[in-house]
Each structure stands twice: as structure tokens, then as C-alpha cells.
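Just below is one structure, and these are the notes that go with it.
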2 protein chains.
Amino acid sequence: MAKIDDVARLAKVSKGTVSNVFSQKRPTSKEVTERVMSVSRKLNYVPNHIARSLVTKKTMAIGLTIPHGSFFFNAFHTQFINAVILEASYYGYRVLLDMIPLQKVKTPFLSSYPIDGAVVMSPTTDDERIDLMHLGQIPFVTVGKVMNANIDHAASVDNDNMKIITSICNYLIDKGHRNLMFLNANELMTVSIVRTAGFIQAMHDHQIEVEPHMIHHKPAILSNEYMDYGYAETIRVLGKLKKQVTAIIADDDRTAFSVLNAIKDLGLRVPEDISLFVICGDLSMMVQSNPSLSSMDLQPSELGIQSVRLLMHKLDVLKGDFPENKIIDSKIIERDSCSTI
Amino acid sequence: MAKIDDVARLAKVSKGTVSNVFSQKRPTSKEVTERVMSVSRKLNYVPNHIARSLVTKKTMAIGLTIPHGSFFFNAFHTQFINAVILEASYYGYRVLLDMIPLQKVKTPFLSSYPIDGAVVMSPTTDDERIDLMHLGQIPFVTVGKVMNANIDHAASVDNDNMKIITSICNYLIDKGHRNLMFLNANELMTVSIVRTAGFIQAMHDHQIEVEPHMIHHKPAILSNEYMDYGYAETIRVLGKLKKQVTAIIADDDRTAFSVLNAIKDLGLRVPEDISLFVICGDLSMMVQSNPSLSSMDLQPSELGIQSVRLLMHKLDVLKGDFPENKIIDSKIIERDSCSTI
DNA sequence: TTGTACGCGTTATCAT
DNA sequence: ATGATAACGCGTACAA
């Protein structure tokens with residue numbers, strides 16, 4: 001592989017000039033530029049990214065840490081990730097997928113991270129990924145609320161989860177439902193903590209007692225119960241325990257489909273017997289389902305875009321003011337899975 | 001950020017020794033190791049990844065190029081990507097998500113790629129990503145058949161797509177279907193070319209004439225028709241053109257759901273009036289659907305794992321023989337969406 | 001424009 | 001067998 005000196009020699013210019021031709025940091029005369037480019041093409045030369053990074057101290061890559069221990073995306077993650085990649089590429093940045101917790105097992109953090117900043121998805125309480133970023137002085141943005149003991153504030157982009165869950169509860173309660181079942185995300189995720197609090201709050205506001213069968217948390221992704229959690233809980237609560245639940249709130253589309261199946265197996269119908277609401281579901285899936293499922297549009301793409309923009313501000317790629325904690329709008333999309341009783 | 005000299009000075013050893021403590025390339029005495037690590041912890045020192053890469057000429061990252069211009073994954077991609085990340089991390093490698101075609105617009109290839117190798121997903125005919133890899137001398141593995149004019153063979157992992165489509169056709173034909181409709185992937189993808197050929201072959205083998213309404217290709221991802229392609233084609237062919245199609249083969253789960261909807265809107269039922277077969281669908285989605293959908297299990301995780309292993313062989317991280325072109329098994333999973341007529 | 005001193009580790013060589 | 005020394009990798013940036 002040709003290097004800068006080879007080009008400099010053949011083009012009869014200095015290294016610095018070749019560097020300038022490529023980086024455009026200083027003007028170069030037309031003729032020289034031509035000559036250098038011509039030689040570069042001949043030698044198939046491109047500047048070495050690593051050598052460049054060593055001096056500029058920029059890798060032009062951002063990390064994207066995916067959920068703790070998760071090797072499973074749902075539609076929300078997918079759309080989010082796509083938006084991040086696209087938006088980052090717009091500023092010339094590449095995206096490095098990270099799974100710090102998993103890697104720590106094999107490769108105990110034996111070198112610095114080759115990234116300029118990071119987007120941390122779905123933080124958990126005392127998220128070690130965040131501690132690591134903090135320690136490594138890597139600028140980062142979280143998507144979701146940070147709940148780490150030693151970190152009092154961090155840049156973040158998020159939905160208003162308190163408002164989300166309370167408005168869903170109000171929506172269902174207004175339709176006459178008083179016995180709700182909430183299939184929440186995994187209990188370690190900060191979002192689930194906020195939503196549980198919101199759920200309890202909403203129940204409280206309507207003088208409805210919160211019973212144990214009303215709130216459930218998704219099992220850890222590594223467990224066997226993960227895949228059919230929605231199915232299992234629905235069968236258990238409505239079937240075995242015979243609780244008179246009339247509406248179920250499912251955390252994501254996968255859980256919702258699983259619940260739908262359980263309801264069918266119990267000989268019940270949606271929405272006639274049971275109403276079903278999905279918090280974060282893929283739009284096209286919600287529509288294709290039968291019946292179509294009412295859901296909350298969390299705008300995952302917008303979350304992705306804004307988190308990258310916020311990070312770019314922290315990296316000084318973008319100038320000007322930008323809120324450190326941005327809230328992305330969400331709204332209820334009514335479809336056919338919730339009925340009035 | 002502390003550097004190696006700082007540690008060396010405080011630990012009263014030389015740079016080289018500190019380097020050896022971290023890289024383990026040469027043994028170091030117990031005491032010295034302790035002293036160096038202690039000082040490193042105190043200074044919060046970790047070797048600079050970039051500087052290390054500059055000399056070792058390894059970035060410990062592999063690229064993963066996602067489908068041409070695609071900012072939309074389906075379940076197949078998701079599972080594949082997850083497997084790649086996990087398997088790569090097993091060898092200490094990180095994964096850099098790539099979208100060369102899109103980036104080329106903004107950042108015309110002005111530096112070398114900071115990756116040691118790459119996995120190229122879903123190649124197209126004359127895929128420029130592959131040409132670029134070839135040119136840049138970057139070891140790569142494709143997932144799918146390569147059809148580039150100037151490249152006669154490349155390392156790859158793939159399903160046997162010819163066998164896949166012919167066995168699906170035979171399966172349906174055995175059930176009495178003779179008027180099939182095949183909703184294929186985008187026509188640029190090499191996989192769609194192989195499958196179209198296979199489809200025609202299978203029809204030919206059963207003396208069934210291939211009519212124009214039988215084969216369709218998914219529109220480009222950027223087009224408006226992308227999202228409801230399955231719906232639109234089904235309505236058009238079965239509704240408007242009144243073709244007596246009795247079985248539909250859908251390329252992926254999204255298309256399948258979309259088709260399912262169209263069938264419902266046409267007042268028809270699956271599988272009583274129309275049979276539906278999905279080529280690559282997320283297992284849990286196929287099961288949750290009503291009726292559950294018969295599909296082909298392509299083993300996306302296995303494809304991901306094996307493509308990384310093949311790449312690791314090319315990078316000499318793994319030693320020993322490994323087939324340059326590995327075929328991953330696939331098999332029909334019968335569910336409730338296909339009936340005999 | 002050119003010359004040259006960096007940046008920050010690694011590794012080959014030499015010394016103990 | 002370990003430790004120390006110095007050259008090296010490949011660009012960038014700044015003074016001349």
C-alpha cells in the first residue's frame with residue numbers, strides 16, 4: 001500500500017502538500033493538486049485513517065451501545081439504529097456497535113475506545129456502560145433517563161415516559177377499564193422504573209388500587225421465559241388466577257403479539273373481551289395485525305436523529321445552542337384494539 | 001489522559017515494559033506487573049487504541065455493510081447482525097456498521113477504512129461495495145452470491161437459494177397449486193436473481209407456463225411503494241387483473257403481513273382460498289400470526305456466525321481449513337398457511 | 001510550499 | 001529471562 005512519501009516523491013512535492021491536497025485544510029495550486037491526485041490514483045493511494053487519527057485525535061466514529069446484554073432488537077431498536085447511522089453519516093461519522101458488558105468478559109478493557117463519542121441506548125440503573133464512558137472521558141448521550149449513583153446529570157434524548165404511561169392509563173380508564181395489566185419492560189431499565197411509577201400514579205389518581213397482578217416486568221433477555229413472556233403472563237393471570245383484567249398494556253410489539261395469541265387460546269377476543277394497547281410497536285406491524293393495534297408512537301427515528309445531533313454538539317461538530325435534555329413527542333395512535341365498556 | 005511515558009516514569013520502568021504488561025507479548029515479573037498496573041489505575045491509564053493500531057496494523061474492528069441504500073432492517077437482518085456482533089466480540093473484534101454507497105455521496109472515500117475486514121450483506125449485481133473492498137485490499141466475506149464482472153470468486157456464506165425456491169415451489173405444487181405468485185426481493189440483489197431462475201426452473205419442471213403476473217420484485221427501498229408493496233401487488237393481481245392465483249410466496253415477513261391484509265380486504269381467507277408461504281420470516285412473528293405462517297428457516301444467526309468465522313480465517317485469527325464458500329442449511333417449517341387443493 | 005518536529009505506542013536489538 | 005533503548009509507523013501542523 002502506497003504511503004504519503006511515495007506520492008510526495010513521485011509528484012515532486014513535500015509530504016505536507018500531499019496532506020493538504022487530501023485534507024483541503026490549506027489551499028494548493030491547481031497544477032499541484034492535479035499532479036498529486038494523478039500520482040495518487042496511479043499508486044492507489046489513500047491517506048491512512050489510523051495515522052490521521054493519531055494526530056487529529058478524532059476517529060470519526062461514534063459508538064452505539066445497544067441494550068445491556070441484549071442480542072435481540074425489536075422494531076423500535078431497528079428504526080432507531082437506522083436513523084442513527086444515517087444521521088451520523090451525514091456528518092461524516094461512522095457507527096461502531098458496542099456491547100461493552102459482554103466484551104468485558106473476554107477483553108477486559110485493555111485499550112481506549114476508538115470512538116469520539118457515544119450514544120447509549122436504553123440505560124439501566126447504575127449502568128456500567130455509562131460509568132465506563134464517564135471514566136473514559138468519552139462524550140456521550142443517552143436515550144433514556146440516567147440513574148447512576150455518581151452521575152447527577154448527563155446529556156440525553158428521551159420520550160416523556162411519565163406522560164406516556166399516564167396518558168395510556170387515562171385513555172383506558174376513560175373507556176371504563178379499571179382492571180389493567182401492565183406488561184412492562186425489564187425492571188433494570190430506567191424507562192421501566194419511570195413507567196411503573198407513572199402507572200401507579202395514574203391508578204392512584206383514579207382511586208384504583210394497584211394489585212400485584214397488574215404490573216409485570218419482562219424477564220432478562222438471556223432467560224428462557226423471555227420469548228413467550230407476554231403469552232405466559234396472560235395465561236397465568238387471566239386463566240389460572242382468573243383475574244378480571246379488561247385491558248392489557250404491552251411494552252413492545254413482540255409482547256403484544258404474544259399476548260394476542262394467549263387471548264385467543266383463552267377463547268377471548270380483542271377488543272370485545274379484552275383491550276390491548278402497545279407502547280412501542282412497529283407502525284407497519286401494528287397496522288397489519290388483526291385487529292390493528294392501538295399504540296403509542298414514540299418516534300424512534302426522531303430519537304435517533306436528535307441523539308446524534310446532540311452528540312455532534314458535544315463534539316463541537318455542530319455549533320450553537322442545543323438542549324442537554326431533549327424530549328421527543330409521542331402520541332396515541334388509535335386503532336381497533338381498545339373498546340369502551 | 002495519561003500516556004505510557006507517565007506510567008513508565010512513575011513505575012520506574014521503561015516504556016517497553018509497560019507495553020509488555022498490557023499486551024502480554026513478553027513475560028514480566030510479578031512485582032513489576034503489579035507496580036505498573038497500580039500506577040496505571042492511579043493515572044487511569046489505558047493504551048491508546050489508535051497508536052497501537054498504527055504499528056500493529058490491526059484495528060480490531062470489522063465492517064458490516066448493510067444492504068445497499070437500505071435504512072430498514074427486517075427480522076432476518078436483525079438476527080443476522082446480532083449474531084455477527086456476538087461472534088465478533090468473541091474474537092475481540094468490534095463491528096463497524098457501514099453504508100458505503102450513502103457515504104460516498106458526502107465523503108468520497110478520502111481515507112482508508114479503519115477495519116481489518118468486512119462482512120458484506122445481501123450483495124447486488126456489480127455491487128460497488130465489493131469493488132471497493134477489492135480495491136482497498138480489505139479481506140471480506142459476502143453473505144450471498146457475488147455477481148461482479150471483474151470478480152470471479154470471493155469468500156462467501158450463503159443459503160442454497162436455488163434449492164430453497166425450488167423446494168418451496170415443489171411443496172406448493174405437490175399440494176395442487178399451479179398458479180403461484182412470487183413476491184421476490186429487489187431485483188438488484190443477487191439472491192433475487194438466483195431465486196427467479198429457480199422459480200422458473202421449478203415451473204418448467206412441472207410443465208407450468210410462467211406468466212408475467214407470477215413474478216414481482218420489491219421496489220427500491222427509497223421509493224414510496226416500498227412499504228405496501230405486498231398489499232398493492234396482491235390487490236392488483238388478484239383483484240384488478242382477476243388472476244386465479246392460489247398460492248403466494250412472500251420474500252419476508254413484512255411483505256407477508258402486507259399480503260395477509262390484502263387477502264383479507266379481498267374477502268378471501270388464508271389458507272382456505274389462498275396459501276401463503278414466507279421465505280425469510282422471524283420465527284416468533286410467524287408463530288404469532290393468525291393463521292401461523294409456513295416459512296423457510298434460513299438460520300440467520302448461523303449465517304452470521306459462520307460469516308464471522310470465515311472472515312476470522314481470512315484474517316488468520318482462526319487457523320486451519322475452512323470452506324471458502326459455505327452453505328447454511330435451510331428447511332421448510334410447516335405451519336397453517338398452506339392448504340391442499 | 002517545504003522541512004521537520006511531533007503523536008503514542010510497539011517491537012527488534014542489545015544489555016544485564 | 002527481563003529490562004532498557006531506539007527506531008519505526010504515517011500522517012499533521014507549524015515555523016521557516
Side-chain angles (χ1 to χ4, degrees), chain A residues 1-37 39-40 43-61 92 107 109-116 136-137, chain B residues 1-37 39-40 43-61 92 107 109-116 136-137:
Chain A
M1 193 100 285
K3 33 197 181 187
I4 201 169
D5 299 276
D6 301 328
V7 177
R9 187 158 18 84
L10 281 178
K12 298 191 209 305
V13 292
S14 72
K15 291 168 69 166
T17 304
V18 177
S19 176
N20 285 328
V21 168
F22 277 93
S23 70
Q24 310 267 28
K25 297 232 170 146
R26 289 183 168 292
T28 43
S29 75
K30 194 104 182 161
E31 306 122 283
V32 170
T33 305
E34 285 293 310
R35 211 161 66 235
V36 168
M37 289 312 282
V39 172
S40 299
L43 299 183
N44 195 17
Y45 168 80
V46 278
N48 180 314
H49 186 271
I50 307 296
R52 174 180 280 176
S53 289
L54 185 59
V55 42
T56 60
K57 297 192 179 304
K58 290 196 185 316
T59 62
M60 297 312 282
T107 334
F109 218 49
L110 42 51
S111 86
S112 65
Y113 254 53
I115 53 177
D116 298 336
Q137 317 255 32
Chain B
M1 194 100 283
K3 32 197 179 186
I4 200 169
D5 300 274
D6 301 328
V7 176
R9 187 158 18 84
L10 280 179
K12 298 190 208 305
V13 292
S14 71
K15 289 169 70 167
T17 305
V18 177
S19 176
N20 285 328
V21 168
F22 277 93
S23 69
Q24 310 267 29
K25 299 236 168 144
R26 288 185 166 292
T28 44
S29 74
K30 193 103 182 162
E31 304 122 282
V32 170
T33 305
E34 285 292 310
R35 211 159 67 234
V36 169
M37 288 313 283
V39 171
S40 299
L43 299 183
N44 196 18
Y45 168 80
V46 279
N48 181 314
H49 186 270
I50 307 296
R52 174 179 279 178
S53 289
L54 185 60
V55 42
T56 61
K57 295 190 179 307
K58 289 196 186 317
T59 63
M60 298 310 282
T107 334
F109 220 49
L110 42 52
S111 84
S112 64
Y113 254 53
I115 52 177
D116 298 336
Q137 317 253 33

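In what follows, chains are A, B, ... by sequence order, proteins preceding strands, each numbered from 1. As a basis for the values below, the full set of heavy atoms in this structure was taken, side chains included, without hydrogen atoms, waters or symmetry mates.
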Practice prompt. Classify the nucleic acid contact of B:Val18 as base, sugar-phosphate or nothing, counting any heavy atom under 4.0 Å across all strands shown.
Written response: nothing
Worksheet entry | Candidates C:dT11, D:dT12, C:dG9 - which lies nearest the side chain of B:Lys25 | C:dT11
Item to complete: Look at the side chain of A:Tyr45 and decide which nucleotide, out of C:dG3, C:dG9, D:dG11, has an atom nearest to it.
Response: D:dG11
Worksheet entry | Nearest-angstrom distance from the residue atom NZ of A:Lys12 to C1' of C:dT2 | 16 Å
Practice prompt. Hey, which sits more toward the 5' end of DNA chain C by its nearest nucleotide, A:Val13 or A:Leu54?
Written response: A:Val13
Item to complete: Specify the separation, in whole Å, of atom NZ of B:Lys15 and atom P of C:dT10.
Response: 10 Å
Worksheet item: Any sub-3.5 Å donor-acceptor pair from A:Ser23's side-chain atoms to A:Ser19's backbone N or O?
Response: yes
Practice prompt. Locate the shortest heavy-atom distance separating A:Tyr45 from A:Ala2; write the atom from each residue and the value.
Written response: CD1-O, 3.3 Å
Worksheet, complete the sentence: For A:Thr59 and A:Pro114 the tightest heavy-atom approach is OG1-O, 3.1 Å
Worksheet item: Among D:dT12, D:dA4, C:dC8, which is the nearest nucleotide to the side chain of B:Lys3?
Response: C:dC8
Worksheet item: Between A:Ser23 and D:dT12, is there a side-chain N or O to OP1/OP2 distance below 4.0 Å?
Response: no
Worksheet item: For B:Ser19 and C:dT10, is the shortest distance between a side-chain N/O and OP1 or OP2 below 4.0 Å?
Response: yes
Worksheet item: To the nearest angstrom, how far is A:Arg26 atom CZ from D:dA16 atom C1'?
Response: 13 Å
Worksheet, complete the sentence: Separation of D:dC10 atom P from A:Ile4 atom CD1, nearest Å, is 11 Å
Worksheet item: CE of A:Met60 versus P of D:dG11: gap in Å, rounded?
Response: 17 Å
Practice prompt. Let me know the distance between CD1 of B:Ile50 and P of C:dG7, rounded to the nearest Å.
Written response: 16 Å
Worksheet item: What is the distance from CG of B:Asp6 to C1' of C:dG9, rounded to the nearest Å?
Response: 13 Å
Practice prompt. Ignoring the backbone of A:Thr28, work out which of D:dT12, C:dG7, C:dT1 is nearest its side chain.
Written response: C:dT1
Worksheet entry | Nucleotide nearest A:Lys57 when distance is taken to its side chain, options D:dG11, C:dG7, D:dT5 | C:dG7
Worksheet item: Base, sugar-phosphate, or nothing: which does A:Ser29 touch, judged by heavy atoms less than 4.0 Å apart?
Response: sugar-phosphate
Fill in: side chain to side chain contact (heavy atoms under 4.5 Å, CB included), paired with A:Asn20, selected from A:Thr28, A:Val13, A:Val36
A:Thr28
Worksheet entry | Side chain of B:Asn20 - closest among D:dT2, C:dT11, C:dT1 | C:dT11
Worksheet item: For A:Val55 and B:Val55, take the nucleotide of DNA chain C holding the closest heavy atom to each; which residue's nucleotide lies nearer the 5' end?
Response: A:Val55
Item to complete: Drop me the distance from A:His49's NE2 to A:Thr56's OG1, to the nearest 0.5 angstrom.
Response: 8.0 Å
Response to the item:
Whole-Å distance, B:Phe22 CZ to D:dG3 P, equals 15 Å
Discussion item. Tell me whether the side-chain N/O atoms of B:Thr17 come closer than 4.0 Å to OP1 or OP2 in D:dT2.
Written reply: no
Worksheet entry | Approximate separation, where rounding is to 0.5 Å, of A:Arg52 CZ and B:Ile50 CD1 | 13.0 Å
